[in-house]
Amino acid sequence: MLKVQLPDGSTRQYGEAITPGDIAAEIGPGLAKAAIAAELDGAIVGLDHRLPDAGEVQLRLLTRKDPAALSVMRHSCAHVMARAVMRLKKGTRLAFGPTVEGGFYYDFELDEPLREDDFPALEAEMQRIIKSDEPFEQIELPREQALQICRDLAQPYKVEHIEEGLEGHDTMSFYRQGEFLDLCRGPHVPTAGAIGAFKLLSLAGAYWKGDASRPQLQRLYGTAFFTKPELDEHLRLVEEAKKRDHRVLGKRLDLFSINPLVGSGLILWHPKGAIVRGLLEGFIKDELRRRGYLPVYAPHIGRIELYKTSGHYPYYKESMFTPIVMEDGEEFLLKPMNCPHHVMVYKAKPRSYRELPLRLAEFGTVYRFEQSGELSGMTRVRGFTQDDAHIFCTHEQVPDEFRACLEMTQFVLDCLGLKSYRVRLGFREPASDKYVGDAANWEAAQQSLIEVCQSLGIDAKIELGEAAFYGPKADFVVKDCIGREWQLGTVQLDYNLPSEERFNLEYIGADNRPHRPAMIHRAPLGSLERFVGVLIEHFAGAFPLWLAPEQVRVLAVSQKFEEYGRQVEQQLVAAGLRASGDYRPEKIGAKVRDAQLELVPYMFVVGNREQEQGEVSVRDRIDGDQGAVKVQAAIDKLLAEVRNRTVRQTFGGDAGLGERSARNEY
RNA sequence: GCCAGCGUAGCUCAAUUGGCAGAGCAGUUGAUUUGUAAUCAACAGGUUGUGGGUUCAAGUCCCUCCGCUGGCUCCA
């Protein structure tokens, strides 16, 4: 006897084998038609899933209104896409085809590669398959039979996956849809007709099982929604994301450039971009001073022996610039990290416990030879500046220092209007022996990270095995205003560099004996390049007043008022505002338009009326014409907005562009 | 690094089947003196990313390299 509890609290009892589809039909023909999948005790299953014969289960029938149903449908759409590819390209070998955030993909190996030109034909074929509305039918087969079928179908990747990936599974799940049969655990929509509007998006390379030493397959990306308007809205958001791309805006707003003659991945900060960066640096410097950090400076290169001692060389040799070799054989490296230099500052003299915690801070520029295919605008570069600091402290001080670091990062992000973020806690894999440092210290440090996050109200997720070999870490992952996630700030504990086999750091304790300090690396913004890139996209180039490269522009109604305009402009500059003036022989409408397109936060319009009254007409970039006020009153208003670092406007929306993470395997 | 695609004026984009490289904006000059998102006109702007090849003829077809884009892999 099976007892089924439904979301409304009602229960139903069944004596015979039953499926969610049967139950839906029993409740009503409308639900039977609308149901797409079901949630059985928290797990998503198909409508044809056979419920247990006895016991008690909770069941929820999912319609197209449930987000979980969308994933099921997209996965089915991936199958339809694969079926279409196999119809058009004979001999296609199938790999994996899961759902990802914002859509789905399927990996194939073909004799003739797919091209984007093939998309229209593929989409037409998919449309035909959906129209014929054939059911998705699950088939469970014993291991040997499953293997034989995949061999008969000439699907070597499926065979390999059964043999290696699904070792220990006795039965295999397949889904059949017409002539298309695929190893798949599902679930799927009942029939292809449930698939709504879809679109093929892009073509890419992907290694089999994500392993660069294995064959490279072709990955076909697509997306699907239950209705055409939803698909159109999604595509519109993707277009919106493209418009606020920091590479596009960086060029249009003259913030930065990258020049092949200078080198890939090397940022040229133009004056306007440099203003934004400088303001951020100033903001951070003030915070560091307030929080007891001491500024230091270190050179951009160091002898190779420094990095041999730190252990970075030759371990990270592949992602470093080649050493500079002098005539006498001495070698230098462009520094890929600031820590070894800062460690040497620590080691410059004997340290007492009374000096700890010692917090050494520097905007340190580092160089890493990232793979060419990895470079992207300001967010992935070969030379970047970290708002770096290294804290040397006793093990007892670690929790307080963690707290201060996380609190500062939180403060900085809040000030910049980045309100949506989470923290990834990278902890050690308990069973592994790849980590340096004392296990008890690790345990205490990890525990304190959890407690600090809790007390600061930070949404933190523990990821076992994601720690660096030298210590646990907390990475801040920030979500921008269209839902994309970026890893920015980081706090990392380091048991390696202070160790005897590395720099052998010591301090003299209260017991007059030497002790080993702990070391924390931390950077609230991460890299200024990436951070500014993310800020550009987050604000769509429209920086809040305190960060805007140009804060006010004086617009003269005609050239007759140039003199008064320049006078106002001077007052603005004297008040500490970044101001300019537009005295061209253009109509005021044209000047307004230009300032508006350049995203200048405020325009002060001056003409005859203003000149006579000692006023300016304030035009707000967001709210438009605000009418005339005395010059000093206008300045005071702006100064207050700067002082408070007011964030007045960000742009909303979520294009489903977060971390692309595979959910359904095979 | 790997797979696929792309590269035309500062920017956005045209150029029939391989047949005289073109437009808008930006720029310069001149006229206009303007009241809240584009005043008018003239001028100038190019070794079509680089180097090679096929052809009577290459922006267009083939190869090389460089760069960019989307992914994959990597990320101290």
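These numbers were taken from a predicted model, which means no experiment stands behind them. The chains referred to below are lettered A, B, ... by the order of the sequence lines, with proteins before strands, and numbering in each begins at 1. Any value given below was found using the heavy atoms of this structure, including those in side chains, with hydrogens, waters and symmetry copies removed.
No donor-acceptor contact under 3.5 Å links the side chain of S310(A) to the base of A76(B). With hydrogens and angles ignored, a donor-acceptor pair closer than 3.5 Å exists between the side chain of Q216(A) and the base of C2(B). Checked by distance alone, Y207(A) brings a side-chain donor or acceptor within 3.5 Å of a matching partner on the base of G1(B).
When heavy atoms are screened at a 4.0 angstrom cut-off, R368(A) is found touching base atoms of the nucleic acid. Here A204(A) lies in heavy-atom contact (under 4.0 Å) with a base. Here G210(A) lies in heavy-atom contact (under 4.0 Å) with sugar-phosphate atoms only. When heavy atoms are screened at a 4.0 angstrom cut-off, Y470(A) is found touching the sugar-phosphate backbone but no base atom.
When each of K209(A), R93(A), R214(A) is paired with E160(A), the salt bridge (Lys or Arg N to Asp or Glu O under 4.0 Å) condition holds for R214(A) and for no other. Residue H521(A) is tested with Q386(A), H390(A), Q492(A) for a side chain to side chain donor-acceptor pair (under 3.5 Å); the sole match is H390(A).
Only the C1' atoms considered, G24(B) is 23 Å distant from U32(B), to the nearest whole Å. Between the P atoms of A9(B) and A14(B), the separation comes to 12 Å (whole Å). With P as the reference atom, U28(B) and C61(B) are 38 Å apart, rounded to whole Å. Annotation: U60(B) and U50(B) have their P atoms spaced 11 Å apart (nearest Å). Comparing the C1' positions of U54(B) and U29(B) gives a spacing of 47 Å, expressed to the nearest Å. If you take atom C1' in U48(B) and the same atom in G67(B), they sit 16 Å apart, rounded to whole Å.
Spacing between atom CZ of F321(A) and atom P of A76(B) amounts to 17 Å, rounded to whole angstrom units. Atom NZ of K434(A) is separated from atom P of A76(B) by 10 Å (rounded to the nearest Å). Whole-Å rounding puts the Y221(A) OH to C3(B) P distance at 17 Å. Atom-to-atom, CZ of R382(A) to C1' of C74(B) comes out at 13 Å; the value is rounded to the nearest Å. Distance L110(A) CG to C3(B) C1': 13 Å, rounded to the nearest Å. Between E318(A) atom CD and C2(B) atom P there is a gap of 14 Å when expressed in whole angstrom units. What separates NE2 of H312(A) from P of C75(B) is a distance of 14 Å, to the nearest Å. Between the C1' atom of A76(B) and the CZ atom of R502(A) lies a distance of 12 Å, rounded to the nearest Å.
Across the strands present, A14(B) finds no partner; the criterion is a Watson-Crick or G-U wobble pair with both atom distances under 3.5 angstrom. Base pairing analysis places C6(B) opposite G67(B); the two distances defining the Watson-Crick or G-U wobble pair are each below 3.5 Å. Nucleotide U39(B) forms a pair with A31(B), judged by Watson-Crick or G-U wobble geometry with both contacts under 3.5 Å. Applying the Watson-Crick and G-U wobble criteria (two distances, each under 3.5 Å), A58(B) pairs with nothing in any strand.
At least one donor-acceptor pair under 3.5 Å links the side chain of E537(A) to the backbone N or O of H246(A).
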Task: salt bridge (charged side-chain N to carboxylate O under 4.0 Å, His left out) between R522(A) and D388(A), worked out - done: CA-CA 6 Å; R522(A) 38 104 286 163; D388(A) 209 357; 5.6 Å; no

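Checked against the 6.0 Å centroid threshold, Y346(A) and F392(A) count as a close aromatic pair. A ring-centre distance under 6.0 Å is not found for F531(A) and W486(A).
Using a 4.0 Å cut-off between charged nitrogen and carboxylate oxygen, D111(A) and K89(A) do not count as a salt-bridge pair. Under 4.0 Å is where a charged nitrogen must lie from a carboxylate oxygen, and between R609(A) and E612(A) no such pair does.
Seen from the ring of Y105(A), R219(A) counts as a face-on cation partner, given the 6.0 Å and 45° thresholds.
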Task: Under 4.0 Å protein heavy-atom contacts per nucleotide of nucleotides 33-44 of chain B, with B for base, S for backbone only and - for none - done: BBBBBBB-----

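For S319(A), no side-chain nitrogen or oxygen approaches OP1 or OP2 of C74(B) to under 4.0 Å. For R115(A) and A4(B), the shortest distance from a side-chain N or O to OP1 or OP2 is not below 4.0 Å. At the phosphate of G5(B), neither OP1 nor OP2 sits under 4.0 Å from any side-chain N or O atom of S202(A).
If you find the closest nucleotide of RNA chain B to A468(A) and to S264(A), the one lying nearer the 5' end belongs to S264(A). Along RNA chain B, the nucleotide closest to R380(A) and the one closest to K251(A) are compared, and the more 5′ of them pairs with K251(A).
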